[in-house]
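Notes to accompany the following structure.
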Amino acid sequence: MRIPSNREFTRITPSAFSYHRLKSYVSDCRAVLLPSFGGPHLLELRSHVQVPPLKPHEVLVRTRAVSVNPLDTRMRAGYGRSIFERLLPLILGRDVSGEVAAVGASVTSLSVGEQVFGALHPTAVRGTYTDYAILSEDEVTPKPDSLTHVEASAIPFAALTAWRGLKCTARISEGQRILVVGGGGAVGITAIQLAVAAGCSVVTTCGSQSVERLLAAGAEQAVDYVAEDVELAIKGKFDAVLDTIGVSETERIGINFLKRGGHYMTLQGEAASLADRYGLAIGLPAATALLLNKQLLYRCTHGIEYSWTYMRADSDGLNEIGKLCQAGKMKIPVYKTFPITQVKDAHEAKDKRLIPGKIVLEFD
């Protein structure tokens with residue numbers, strides 16, 4: 001496959017004609033395919049994977065870096081099989097940073113050659129572990145000049161997940177108190193930075209290795225949940241709790257720390273796991289019933305709102321995240337990079353927890 005140079009990109013204008021012109025270069029490309037669920041050894045980097053035609057509102061991104069999210073490794077192992085099994089082989093990956101290579105006929109906010117970053121919806125089948133990723137116009141935004149592609153690729157999916165909970169569900173505002181349970185991960189640290197930027201005071205729980213980093217990110221208190229009794233160390237009540245761990249114990253603690261009228265949000269919703277266990281026809285109604293039951297229970301017993309939080313495409317949210325990054329108010333540390341040719345090693349390192357933080361795959 002011949003990849004066009006940056007000079008060739010800049011001569012292509014965002015029109016249907018320009019896309020057809022680019023297709024002669026990008027009819028196929030490298031991509032990491034997952035033919036069946038299981039371990040990292042199943043990931044296959046193939047050289048000639050078809051690039052589908054762009055729909056009117058889609059953007060073709062020449063990938064420079066993608067991050068390895070927990071969702072990627074869970075999907076590889078079989079999470080979401082009730083949805084994805086019939087669609088195998090899959091291309092994993094949600095985050096991306098790169099350059100616009102072509103745009104659909106209806107795209108107006110982006111132009112060819114522009115540096116962008118963004119994230120796909122969790123249920124996307126064609127992910128970003130590929131030389132050329134396809135996203136909708138509202139899933140990408142200009143990359144902050146202050147970030148490299150590696151740094152930028154670590155942010156969108158995690159930050160949009162935190163945005164969904166704090167901004168869209170809890171609607172946090174200046175002066176409120178926020179508790180982030182499990183602040184050491186990517187969603188946790190972006191949630192802390194989002195809340196601080198909104199003028200909130202933030203308390204978080206984390207492992208000992210994350211305490212200093214989360215205090216530097218703006219948390220007023222970071223409690224080591226191994227060395228300290230969380231319920232004794234944290235004082236007062238909160239307007240919102242974002243629980244990134246979502247086990248029964250953290251749910252109990254989070255609920256009890258909330259003021260009446262507050263919001264408890266967990267990342268560990270059970271829709272996909274119940275659908276995987278019982279099939280879509282039974283699992284999804286069961287998940288809906290479980291969620292409604294918990295919402296009614298906690299509304300009656302504690303006077304709080306309970307919800308499962310998932311990432312959703314949000315162009316306004318992504319633009320605001322970009323502004324925070326540009327202003328130096330949001331960043332996720334990248335602990336290690338791997339070339340895309342070593343994607344199996346990257347997933348193995350993530351599975352074995354050999355690397356404590358964010359891993360990014362780089363493309364040449």
Is [X] positioned over the aromatic face of [Y], cation under 6.0 angstrom from the ring centre and no more than 45 degrees off axis?
X	Y	value
Lys294	Tyr298	no
Arg76	Phe37	no
Arg64	Phe363	no

What I'd like to find out is whether the side chain of [X] reaches to under 4.5 Å of the side chain of [Y], using heavy atoms alone.
X	Y	result
Leu290	Glu270	yes
Val100	Ser111	no
Trp308	Leu291	yes
Ile189	Leu214	yes
Val241	Met265	no
Glu348	Gln342	no

[X] side chain to [Y] main-chain N or O, any donor-acceptor pair under 3.5 Å?
X	Y	value
Ser307	Thr309	no
Thr244	Val181	yes
Thr130	Ala133	no
Glu228	Asp224	yes
Arg312	Thr161	no
Asn69	Asp72	no
Lys331	Ala152	no
Gln326	Leu147	no

Once rounded to the nearest 0.5 Å, what's the spacing between atom [atom1] of [X] and atom [atom2] of [Y]?
X	Y	atom1	atom2	answer
His57	Leu135	NE2	CG	15.0 Å
Lys352	His347	NZ	NE2	14.5 Å
Ile340	Leu45	CD1	CG	6.5 Å
Arg30	Thr63	CZ	OG1	9.5 Å
Arg126	Ile134	CZ	CD1	4.5 Å
Ser97	Lys143	OG	NZ	5.5 Å

[X] versus [Y], closest heavy-atom pair with distance:
X	Y	value
Leu160	Gly317	CD2-C, 4.1 Å
Tyr79	Ala272	OH-CB, 3.3 Å
Gly218	Val196	O-CG2, 3.5 Å
Gly93	Leu120	O-CD1, 3.9 Å
Ala158	Ile332	CB-CD1, 4.1 Å
Leu284	Ala275	CD2-CB, 4.2 Å

Step-by-step side-chain contact (heavy atoms from CB on, under 4.5 Å) determination, Ile304 to His263: CA-CA 6 Å; Ile304 60 97; His263 287 264; over 6 Å; no
task = Apply side-chain contact (heavy atoms from CB on, under 4.5 Å) to Pro142 and list each qualifying residue two or more places apart in sequence or on a separate chain.
result =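 Applying side-chain contact (heavy atoms from CB on, under 4.5 Å) to Pro142 gives Leu110, Glu114.
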**Report entry** side-chain contact (heavy atoms from CB on, under 4.5 Å) against Ser248, all qualifying residues, sequence neighbours excluded
**Finding:**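 Checked Ser248 against side-chain contact (heavy atoms from CB on, under 4.5 Å); zero matches.
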Does either side chain, that of [X] or that of [Y], offer a donor lying less than 3.5 Å from an acceptor on the other one?
X	Y	result
Thr190	Gln193	no
Asn319	Thr141	yes
Ser109	Glu137	yes

Parallel, tilted or perpendicular, judged at 30° and 60°: which one describes the rings of Phe238 and Phe257?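 Because their plane-to-plane angle is over 60°, the rings of Phe238 and Phe257 count as perpendicular.
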Atom [atom1] of [X] with >12 non-hydrogen neighbours under 6.0 angstrom:
X	atom1	result
Lys55	NZ	no
Tyr278	OH	no
Lys350	NZ	yes
Arg299	CZ	yes
Lys329	NZ	no

- Between Thr205, Asp229, Thr204, which is the residue that forms a side chain to side chain contact (heavy atoms under 4.5 Å, CB included) with Ile234?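 Exactly one option meets the side chain to side chain contact (heavy atoms under 4.5 Å, CB included) with Ile234, and it is Thr205.
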task: Applying side chain to side chain contact (heavy atoms under 4.5 Å, CB included) between Leu92 and each of Leu34, Leu33, Val343, report the one that passes.
output: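 Passing option: Leu34.
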Q) For Asp314 and Arg164, what are the C-alpha separation, side-chain angles and deciding distance, and is it a salt bridge (Lys or Arg N to Asp or Glu O under 4.0 Å)? A) CA-CA 8 Å; Asp314 185 322; Arg164 179 76 175 180; 5.8 Å; no
Worked verdict on Tyr335 versus Ile359 for side-chain contact (heavy atoms from CB on, under 4.5 Å): CA-CA 6 Å; Tyr335 284 79; Ile359 293 174; 6.0 Å; no
Step by step, would you call Ser153 with Asp95 a side chain to side chain donor-acceptor pair (under 3.5 Å)?
CA-CA 6 Å; Ser153 72; Asp95 289 312; over 6 Å; no
* Going through the distances and angles, do Gln115 and His149 end up as a side chain to side chain donor-acceptor pair (under 3.5 Å)? -> CA-CA 9 Å; Gln115 308 286 306; His149 284 301; 2.7 Å; yes
Check your understanding: Asp243 and Thr250: side chain to side chain donor-acceptor pair (under 3.5 Å), yes or no, with the steps?
Key -> CA-CA 7 Å; Asp243 186 352; Thr250 59; 2.8 Å; yes
Salt bridge check, Arg177 against Glu220: does any charged N sit closer than 4.0 Å to a carboxylate O?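 Between Arg177 and Glu220 there is no salt bridge, as every charged N stays at least 4.0 Å from the carboxylate O atoms.
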Pairing of Asp276 and Arg81 as salt bridge, 4.0 angstrom limit:
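No, this pair does not count.
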| Hydrophobic cluster identity match, Ile321 and Leu71, side-chain contacts under 4.5 Å |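 Linked within one cluster.
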task: Give the C-alpha distance, both sets of side-chain angles, the deciding distance and a yes or no for salt bridge (Lys or Arg N to Asp or Glu O under 4.0 Å) between Arg252 and Glu231.
output: CA-CA 11 Å; Arg252 180 189 66 79; Glu231 292 175 278; 3.1 Å; yes
